Amino acid sequence: MALAAACSMSVFAKRRLVCTFRHTCLLFSTNGTVLADHRKSPRRKRPKKPPWTDDLSWEDRLADVVTPLWRLSYDEQLELKQKHQERILSELCRYLSGDLHTQSPVSRLTFPVLPILPSPVRDGYRNKSTFSVNRGVDGNPKTVGFYVGTGKKGNIVCINGDHLLNMPEKHKLVARCYQDFIRLSPLEPCLLFHTGGHWREVTVRSNAEGHTMAIVYFHPQTLSPEEVAVHKADLVDYFTRGPGSVCQLDSLFFQESTMTRCTHEESPYQLLHGQPHIYEEVLGFKFRISADAFFQVNQAAAEVLYGTVRDLCVPNHEERGGRTKVGGTLLDVCCGTGAIGITISPRVDRIVGIELVEQAVEDARHNAALSNVLNCEFIPGKAEVVLPGFMSQLDITGGDLVAAVVNPARAGLHPKVIRALRNQPAIRRLVYVSCKPDGEAMRNFRELCCAPDPQKKLTGEAFSPSLAVPVDMFPHTPHCELVLLFER
C-alpha cells in the first residue's frame, strides 16, 4: 500500500476494522470454533443500539454492512482472510489429532495451506445483484437499495448502493432507473406481504461482455391479470423507450410472486423483452445463464477457482510439451449448472454430475452442448438418494475413478452422501469446495476423516486432508472459497 494511503488510516481505525472482521466472522460461523474467547458468553444479549456510531454517514454504515473490509488495502484483506482460513483449518487438525482440550486458540496445521489466490478483479466484480425496496433515509417507501438495520428491531433503512465497491456501474444504473420507475407508478411498493403493495426487489445479472438482464419481482395482491398486464406494459415501455432505455437491457423478466422466494416452477419468469438468456465464458467454455440459474458472482475469480479445482482433481501431466488426458471417470456431486465438470472434461474420459435442481441439470446439459463437450452425463435427484445406488452400479476398477469433487451449498453434504463417498473404496482423491468451511462443512470434514464408525455406517478407510487452497471470490467482504483436497 502506498505511503499516503497508509497514513490516511489511523492505527485505531485499523484495529477497529480487525475487530469488525472478527465479529463478522463470528456472526457467519455456526459452530463457534473460530474465536474461542467468544465462547464464554454465547447468550450475551446484543445491545439494542445499532452497531454504528452517529458520526458515520448512511453510506459508510451501508458499506460496513455489505463490504466490511472496504477500508483496508487489498493486501490487508487477503492477510485477514488467510489467517481466518488457517484458524478454521487448525480446528480440523486439532480434532484429527484428538487434542480437543488445548487452551491454544490456534493448533499447528498438519498439512499445507497455500497462500490465498487473489481475485483478478477487485472492484465492481459482482455479476448478480439484488436490490431491495423499502423506506429511505427521507422516509420515501419507494427507495431502491440495500438494508441497514433489521426488521426485528424495526429500524430498517434502505440506502442507495451507488458507492459500494463490489457493485458494477451497470447494476447501479438499473437500480436507479427502477427506483425512478416505481416512483412514477401509481402502485405502492410491497414492503410487507400482509400490508399490501406490489413493487418488490429487482435482480440484475450481467456478463463480462456487458450484456444485462433485469428481473422485476411483483406481488399481484388482488389485481386481475388484465390490470397486471397494464403495469407490465408500462415497465417495458420505460426500459425500452423511456428513461430506462439508457440501461440497454438485453433481457427483462417479470415474476409475480406471493412469497419471498419462488422457483420458476412455482411462478414462471415471464420474459417481457429481449433474449431469454445471457452467456458467460469461463476457461474457454461457454455457459448459459437463465433468470434463476446459479453462477459464481465473480467471473474472473471463478476462472481461478475452477482452474484450481481442475488441477487438484486431475493434476496437469505434461508430456512433450502438451497436456495428456489422464482418463477415467470424475464424479461431480452438487454439480449445479455443470461448470466444474465441464471445465475438467478435457482431462478425463467421463464426467458424471449429480444435481437436485432439475432446471440446473437442463442448463448443465445445454452448457455441455454449447461447447461440444460429449463426455458429460448429468443426473437429476438428491445426491444422498442417487449416489449410493450409482456407486454400486459403477463398473470400475480401483484406478478407473480419477476423483470426486463436491461443491455443496452452505448446508453441506447430507450424511448419506458422506457415507457413500467414504465407503466407496475406488475414491482415493476427493476435492471439497466450500464457501463456509466453519459451518456444516466442518461436520463433513470430520466424518470424512474420522476413524471408522459402524454406528454412523462409516466403514470405509478414512481420508486425510493433504492440501488447502483459499480463493478470494469476494473482495471487500470477509468471505472466500476454500478448496480442500482429501486423499487416502
Side-chain angles (χ1 to χ4, degrees), residues 283 285 294 305-316 325-358 360-361 363-365 367-368 373-409 412-434 441 444-445 447-449 457-467 481 483-488:
L283 296 177
F285 296 91
F294 171 79
L305 176 68
Y306 293 150
T308 301
V309 173
R310 177 186 60 191
D311 291 341
L312 290 183
C313 285
V314 189
N316 188 4
K325 178 178 284 193
V326 174
T329 298
L330 183 129
L331 184 62
D332 185 2
V333 182
C334 306
C335 66
T337 54
I340 289 178
I342 290 170
T343 54
I344 297 176
S345 62
R347 297 194 185 181
V348 296
D349 292 329
R350 183 188 182 199
I351 300 286
V352 177
I354 301 173
E355 170 57 41
L356 172 64
V357 181
E358 290 199 22
V361 172
D363 285 338
R365 292 167 177 165
N367 289 334
V373 175
L374 305 178
N375 61 339
C376 290
E377 174 187 356
F378 299 103
I379 304 172
K382 289 184 177 181
E384 60 267 27
V385 174
V386 175
L387 185 58
F390 176 78
M391 297 296 280
S392 64
Q393 297 170 14
L394 209 56
D395 182 22
I396 57 175
T397 63
D400 193 27
L401 187 62
V402 177
V405 57
V406 296
N407 184 19
L413 291 173
H414 191 282
K416 289 183 180 178
V417 180
I418 293 292
R419 189 183 307 155
L421 293 168
R422 168 88 183 247
N423 296 345
Q424 174 51 251
I427 299 178
R428 312 302 297 175
R429 193 177 188 89
L430 173 66
V431 175
Y432 195 121
V433 184
S434 175
N444 292 163
F445 300 162
E447 291 180 347
L448 286 169
C449 300
K457 299 182 180 179
L458 297 171
T459 56
E461 180 186 353
F463 284 93
S464 295
S466 57
L467 183 66
E481 297 275 345
V483 184
L484 191 52
L485 172 63
F486 294 94
E487 295 180 293
R488 60 180 177 182

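In this chain, numbering begins with 1 at the start of the sequence shown. Treat the numbers as computed from the prediction; the structure is a model and nothing was measured.
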Quiz item: Who are the side-chain hydrogen bond (donor to acceptor under 3.5 Å, both in side chains) partners of Glu377, not counting sequence neighbours?
Solution: Arg350
Quiz item: Ala360: what forms a side-chain contact (heavy atoms from CB on, under 4.5 Å) with it, not counting sequence neighbours?
Solution: Thr337, Glu355, Val357
Quiz item: When you look at Arg428 and Glu461, which way does the salt bridge (charged side-chain N to carboxylate O under 4.0 Å, His left out) test go after all the steps?
Solution: CA-CA 10 Å; Arg428 312 302 297 175; Glu461 180 186 353; 3.1 Å; yes
Quiz item: Would you say the side chain of Val333 lies within less than 4.5 Å of the side chain of Glu384, judging by non-hydrogen atoms?
Solution: no
Quiz item: Do you know which two heavy atoms are closest between Ser345 and Val373, and how far apart they sit?
Solution: OG-CG1, 3.5 Å
Exercise. Please name all residues satisfying side-chain hydrogen bond (donor to acceptor under 3.5 Å, both in side chains) with Arg419, sequence neighbours left out, ordered by chain then number.
Key: none
Self-check item: Closest contact, heavy atoms only, Arg429 versus Pro315
Solution: NH2-CG, 3.8 Å
Exercise. With the side chain counted from C-beta on, respond yes when Val417 and Val406 share a heavy-atom pair under 4.5 Å apart, and no when they do not.
Key: no
Self-check item: Over all atoms of both residues, closest heavy-atom pair of Leu458 and Glu447
Solution: CD1-O, 3.8 Å
Quiz item: Partners of Leu312 by side-chain contact (heavy atoms from CB on, under 4.5 Å), sequence neighbours excluded?
Solution: Thr308, Val431, Leu467, Val469, Val483, Leu485
Quiz item: Between Gly460 and Asn423, what is the shortest heavy-atom contact and its length?
Solution: N-OD1, 2.9 Å
Exercise. With rounding to the nearest 0.5 Å, note down the distance linking CG in Asp311 to CD1 in Ile344.
Key: 9.0 Å
Quiz prompt | Rounded distance (nearest 0.5 Å) linking atom NE2 of His414 with atom SG of Cys334 | solution = 11.5 Å
Quiz prompt | By salt bridge (charged side-chain N to carboxylate O under 4.0 Å, His left out) - contacts of Arg365 (at least two apart) | solution = none
Quiz item: How long is the gap from CG on Leu330 to CG on Asn375, to the nearest 0.5 Å?
Solution: 10.0 Å
Self-check item: Residue pair Pro380 / Glu358: nearest heavy atoms and the distance that separates them
Solution: CB-CG, 4.1 Å
Exercise. Could you tell me the separation between the CG atom of Leu305 and the CG atom of Leu283, rounded to the nearest 0.5 Å?
Key: 9.5 Å
Quiz item: Does Ser464 have any side-chain hydrogen bond (donor to acceptor under 3.5 Å, both in side chains) partners at least two apart in sequence or in another chain, and if so, which?
Solution: none
Quiz prompt | Qualifying residue, where the test is side chain to side chain contact (heavy atoms under 4.5 Å, CB included) with Val405 and the options are Leu331, Ile340, Ile351 | solution = Ile340
Quiz item: Does any non-hydrogen side-chain atom of Ile342 lie less than 4.5 Å from one of Phe378?
Solution: yes
Quiz item: What is the distance from atom CZ of Phe463 to atom CG of Leu484, rounded to the nearest 0.5 Å?
Solution: 11.5 Å
Quiz item: Got a sec, which residues hit ring-ring contact (aromatic ring centres under 6.0 Å, His included) with Phe445, two or more places apart in sequence or on another chain?
Solution: Tyr432, Phe486
Practice problem: Indicate yes or no for a side-chain donor-acceptor contact from Asp332 to the backbone of Gly341 under 3.5 Å, with no hydrogens or angles considered. | Solution: yes
Quiz item: Quick one: OG1 on Thr329 to CD1 on Ile427, what's the gap to the nearest 0.5 Å?
Solution: 11.0 Å
Quiz item: Closest heavy-atom contact between Ala364 and Gly336?
Solution: CB-O, 3.9 Å
